[in-house]
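Notes for the one structure printed next.
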Amino acid sequence: MAGVVDAVEARGRLAFGPVAAGARLEGSKRWMKDVLVEADVPTARHGSFTQGQEEEALAFLATLPGLYVVKTDGLAAGKGVVVTESLAEAGDAVRAYLSGRAFGDAGRTLVIEEGLRGPELSLLVLCDGSTEGVPLAPAQDFKRIGDGDTGPNTGGMGAYSPVPFAGPELVDEVMAKAVGPTLAALRRRGVAYRGVLYAGLMLTPAGPKVLEYNVRFGDPECQVVVPRLASDLAVHCLEAARGRLETPVRFADEACVTVVLASEGYPASPRTGDRIDGIEAAEALDGVTVFHAGTRLADDGSLVTDGGRVLDVTAMGPTLAEARRRAYEAADRVSWPGRRLRRDIAERVA
Ligand code: AMP
Ligand code: GLY
C-alpha cells in the first residue's frame with residue numbers, strides 16, 4: 001500500500017508496480033498486464049520480452065494481425081510506445097529497445113501488443129482502498145503530435161470533457177468489467193489502493209478494453225476534469241486517503257477543453273529557452289486558465305519554455321463548441337518561436 005501511494009508522487013508516466021515503501025518507483029507495464037490478465041479485464045493480447053529474447057519477440061510480433069504496438073516496460077515520458085502497421089518498423093523498434101539503444105534500461109524489457117482500434121477514453125477513478133472506486137467524468141485525450149491523429153505518440157496534446165459518446169452506461173460497464181476486478185486483484189496482491197486510478201481505454205467494436213493504468217491524474221485529462229468538478233476535490237482526496245469516500249462527486253454541466261502548446265521539436269527533441277508572450281492576454285478571455293507544464297523564469301525574469309509540453313490553455317464554456325472556441329482564441333494569443341499545437345482538439349464532438 002505505502003509503495004503504491006509513493007507511485008502517485010513519482011511524477012511521469014508509469015504503470016504501477018509493487019514497490020517497497022520509500023523505494024524508487026519503477027513503472028512496469030509487464031506487471032500491470034499480469035494484473036489485468038489475472039483479473040480477467042478486457043485488454044490487448046500481449047507478450048513481454050527482455051534482453052536476449054529478440055528472436056522470440058520478433059516471432060511473437062509476426063503472429064499479430066496487422067497493427068503492432070511496442071512499449072518500453074519502464075518509464076519513457078509517454079514516448080516509449082510505437083504503434084505501427086508496418087511489421088518492419090515494429091521489428092526495428094524491438095531491436096532498438098532491447099539493445100538499450102532507444103531508451104536505455106527502460107527499454108531493455110518491453111511489451112508487445114496487438115493493436116486495438118477505436119476511440120480512446122480516459123477514466124479517472126478515486127479509490128479509497130476498497131474494491132469500489134468512484135469514477136470522475138470521462139475525458140478524451142489526443143495522443144499523437146499531428147492533426148488527424150498522425151505522427152508519433154506524445155504525452156497528450158489536448159483533451160476535453162464531457163465526452164458525448166461516454167454516457168453513464170459505458171462508465172458503469174468499465175467500472176464493472178475493468179476497474180472493480182482490477183482493484184480486487186490488487187487487494188489479492190496485498191495492495192489496498194488509495195488514490196487516483198487512471199484507466200486508459202480503447203472503445204473497440206468488441207467493447208471497452210484497457211490500454212493501460214496509471215496511478216495518478218492524467219495529463220492533460222486532469223486539466224479538463226478537475227475544473228468541471230462542482231464538489232470539493234480536497235474533500236474527496238482526504239476521504240480517499242482516510243479510506244472512506246463518502247461525499248458524492250458532482251460535476252458542472254459546463255464543458256472544458258484544453259489545448260497543449262508544445263515546443264519546436266517535440267516529442268523527439270524539444271527546444272527550450274524560447275521566450276513566451278501573451279499569457280495574460282489569453283487569461284483575460286472568459287473562462288480561460290493557462291496551466292504551466294514546462295516553463296521557467298530566465299535570469300532576466302522573463303518566462304521561457306523549459307520542456308516539450310509547455311502550457312495547457314484551458315477554457316470552460318456552456319458547450320463543448322464554445323469551450324473549444326475560447327480555448328483556441330486564447331491559445332492564439334500565446335506565442336514563442338516554434339510553438340506548436342494541434343488544431344483539431346475536440347473538433348469532431350464540438
Ligand atoms: P500507453 O502508454 O500504454 O497508454 O500507450 C500510449 C498510447 O499508445 C495510447 O494512448 C494509445 O494511443 C496507443 N496504444 C497503446 N496501446 C495500444 C494498443 N494495444 N492498440 C492501439 N494503440 C495503443
Ligand atoms: N494523457 C495521458 C497520461 O497522462 O498518461
Side-chain angles (χ1 to χ4, degrees), residues 7-8 10-16 27-33 35-36 41-48 60-61 64-85 90 93 97 103 106-107 110-125 136 138-146 148-161 163 196-206 208-226 258-260 262 267 291 293 308-309 312 314 342 345:
V8 180
R11 295 272 178 86
R13 185 177 185 76
L14 53 89
F16 49 78
S28 167
K29 297 220 173 193
R30 191 169 47 160
W31 193 84
M32 177 188 68
K33 279 296 223 178
V35 172
L36 289 175
V41 172
T43 188
R45 189 154 73 86
H46 75 287
S48 94
F60 180 76
L61 257 188
L64 297 177
L67 184 64
Y68 309 95
V69 181
V70 181
K71 304 180 176 184
T72 59
D73 187 47
L75 292 178
K79 289 170 273 182
V81 181
V82 171
V83 182
T84 175
E85 292 186 347
Y97 285 21
F103 291 101
L110 56 74
V111 174
I112 295 174
E113 290 183 14
E114 96 182 288
L116 303 175
R117 297 180 202 261
E120 282 188 53
L121 188 75
S122 304
L123 188 67
L124 311 179
V125 181
L136 302 180
Q140 192 176 40
D141 180 19
F142 292 74
K143 293 277 164 64
R144 303 293 189 106
I145 186 74
D149 297 326
T150 52
N153 258 301
T154 69
M157 292 300 292
Y160 68 87
S161 178
V163 181
V196 176
L197 186 65
Y198 164 127
L201 305 157
M202 188 75 95
L203 306 182
T204 76
K209 296 194 179 185
V210 172
L211 293 178
E212 65 156 351
Y213 284 120
N214 292 302
V215 283
R216 53 171 173 76
F217 282 96
D219 171 7
E221 291 92 332
C222 182
Q223 290 88 314
V224 294
V225 171
V226 171
T258 191
V259 176
V260 171
F291 295 109
R309 291 186 297 163
D312 304 283
T314 307
R342 273 182 69 158
I345 305 302

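Counting begins at 1 with the first residue of the sequence. As the structure lists them, so they are numbered: ligands from 1, and atoms in each ligand from 1. All values below were derived from every heavy atom in this structure, side-chain atoms included, with hydrogens, water molecules and symmetry-related copies excluded.
Interface atoms of ligand 2 facing Glu221, defined by a heavy-atom separation under 4.0 Å, are 1 (N), 2 (C), 4 (O). Set against the non-hydrogen atoms of Gly218, the atoms of ligand 2 under 4.0 Å away are 4 (O). Close approach of ligand 2 to Asp219 is summarised as follows: ligand atoms under 4.0 Å from at least one heavy atom of the residue are 1 (N), 2 (C), 3 (C), 4 (O). Listed by number with element, the atoms of ligand 1 under 4.0 angstrom from any heavy atom of Ala44 are 19 (N). Listed by number with element, the atoms of ligand 1 under 4.0 angstrom from any heavy atom of Leu116 are 18 (C), 19 (N), 20 (N), 21 (C). Atoms of ligand 2 found under 4.0 Å from any heavy atom of Asp141, numbered from 1 in the order shown, are 1 (N), 2 (C). Residue-ligand proximity, Gly155 to ligand 2, at heavy-atom distances under 4.0 Å covers atoms 1 (N), 2 (C). Set against the non-hydrogen atoms of Asn214, the atoms of ligand 2 under 4.0 Å away are 5 (O). Every atom of ligand 2 with a heavy atom of Arg216 under 4.0 Å away is listed here by number and element: 3 (C), 4 (O), 5 (O). In summary, the atoms of ligand 1 found under 4.0 Å from a heavy atom of Glu120, numbered by their order in the structure, are 9 (C), 10 (O), 11 (C), 12 (O). Those atoms of ligand 1 with a heavy atom of Glu114 less than 4.0 angstrom away are 18 (C), 19 (N), 20 (N).
Residue contact check for ligand 1: Gly115 places a non-hydrogen atom closer than 4.0 Å to it. Put simply, part of Met202 is less than 4.0 Å from ligand 1, judged by heavy atoms. Between Pro220 and ligand 2 there is a heavy-atom distance shorter than 4.0 Å. Residue contacts with ligand 2 leave out Phe217, since none of its heavy atoms falls under 4.0 Å from the ligand.
Panel note: side chain Gln223, backbone Thr258; no donor-acceptor pair is recorded below 3.5 Å. Remark: the backbone N or O of Gly156 is paired with a side-chain donor or acceptor of Arg309 at under 3.5 angstrom. For Arg144 (side chain) and Asn153 (main-chain N/O), no donor-acceptor pair under 3.5 Å exists by modelled atom type. The backbone N or O of Val260 lies less than 3.5 Å from no partner atom in the side chain of Asp312, so there is not a single donor-acceptor pair.
Closest of all the heavy-atom pairs between Lys71 and Tyr97 is C-CE2, 3.9 Å. The minimum heavy-atom distance linking Thr154 with Pro267 is given by the pair CG2-CG, 4.2 Å.
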TODO: Kindly indicate, with the supporting measurements, whether the criterion side chain to side chain contact (heavy atoms under 4.5 Å, CB included) is fulfilled by Tyr198 and Val215.
DONE: CA-CA 6 Å; Tyr198 164 127; Val215 283; over 6 Å; no
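Taking the charged nitrogens against the carboxylate oxygens, Arg342 and Asp149 do have a contact shorter than 4.0 Å, which makes a salt bridge. Taking the charged nitrogens against the carboxylate oxygens, Arg30 and Glu212 have no contact shorter than 4.0 Å, which rules out a salt bridge. Salt bridge annotation for Asp141-Lys143: present, with a cationic side-chain nitrogen under 4.0 angstrom from a carboxylate oxygen.
Heavy atoms of Asp141 found under 4.0 angstrom from ligand 1: none, in either backbone or side chain.
Of the polar atoms of Lys143, none of the N or O atoms is found under 3.5 Å from an N or O of ligand 2, judged by distance alone. Checking only distances, Leu67 never comes within under 3.5 Å of ligand 1, N or O to N or O.
Judged as a ring-ring contact (aromatic ring centres under 6.0 Å, His included), and not counting sequence neighbours, Phe217 has no contacts. Under the rule for a side-chain hydrogen bond (donor to acceptor under 3.5 Å, both in side chains), the partners of Tyr160 that lie at least two apart in sequence or sit in another chain are Gln140.
Taking each of Lys143, Met32, Arg45, Glu113 in turn, the one with a heavy atom nearest to atom 19 (N) of ligand 1 proves to be Glu113. Counting heavy atoms only, Lys71 comes closest to atom 15 (C) of ligand 1 of the residues Lys71, Lys29, His46, Lys33.
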